[in-house]
K.L.:
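The structure that follows is given in the form of structure tokens.
Since the structure is predicted, the reported quantities are computational estimates derived from the model, not experimental observations.
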Amino acid sequence: MDAGLLIQYFIVAVAVLASVWVVMKKQFPVTTRRLRSTLALALLKPGRAAWVQGLGRKIAPPASGGGGACGGCDSCGPAPPKRH
């Protein structure tokens, strides 16, 4: 196999994976967050190499605010009354 063709396949694979990630984040945010959490916890297990644990910290989703009843975006309650 030609090296140029191999590089081309690699670039296409990276582009497809990036597209899948963007769609997952937009269409399935809860599933994406769970996937990131599961992967990060697996990488952060004690006894792993330092660089693997560092990768796990980067992959881990940011902590949620925990402000609302569900810990989400705080927009599920009733809308405040409009002032005229």
K.L.:
Okay, side chain of Arg48, backbone of Ala42: is any donor-acceptor separation there less than 3.5 Å?
P.N.:
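Present.
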
K.L.:
Is Trp21 close to Thr32 at the side-chain level, that is, under 4.5 Å between some pair of heavy atoms?
P.N.:
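The answer is yes, as the side chains (C-beta and beyond) meet within the 4.5 Å cut-off.
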
K.L.:
Please name the pair of heavy atoms, one in Ser37 and one in Pro61, separated by the smallest distance, quoted to 0.1 Å.
P.N.:
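Answer, listing the atom of Ser37 first, then Pro61: OG-CG, 3.3 Å.
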
K.L.:
Same cluster or not: Leu17 versus Ile59, using hydrophobic residues (I, L, V, M, F, W, Y) connected whenever any side-chain heavy atoms lie under 4.5 Å apart?
P.N.:
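No, separate clusters.
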
K.L.:
What's the spacing between Leu43 CG and Gln53 CD if we round to 0.5 Å?
P.N.:
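The CG atom of Leu43 sits 9.0 Å away from the CD atom of Gln53.
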
K.L.:
To the nearest 0.5 Å, what is the distance between CZ (Arg36) and NZ (Lys25)?
P.N.:
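These two atoms lie 6.5 Å from each other.
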
K.L.:
Measuring from atom CG of Leu55 to atom CG of Leu44, what distance do you get when rounded to the nearest 0.5 angstrom?
P.N.:
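So the CG of Leu55 and the CG of Leu44 are separated by 9.0 Å.
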
K.L.:
Grouping I, L, V, M, F, W and Y whenever their side-chain heavy atoms are under 4.5 Å apart, do Val52 and Leu39 come out in a common cluster?
P.N.:
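Linked, Val52 and Leu39 end up in one cluster.
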
K.L.:
When rounded to the nearest 0.5 angstrom, what distance separates CD in Gln8 from CD1 in Ile11?
P.N.:
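The distance works out to 7.5 Å.
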
K.L.:
Within the side chain of Arg33, is there an N or O that forms a donor-acceptor pair under 3.5 Å with the backbone of Pro62?
P.N.:
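Yes, the answer is positive, given that a donor and an acceptor are paired below the 3.5 Å cut-off.
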
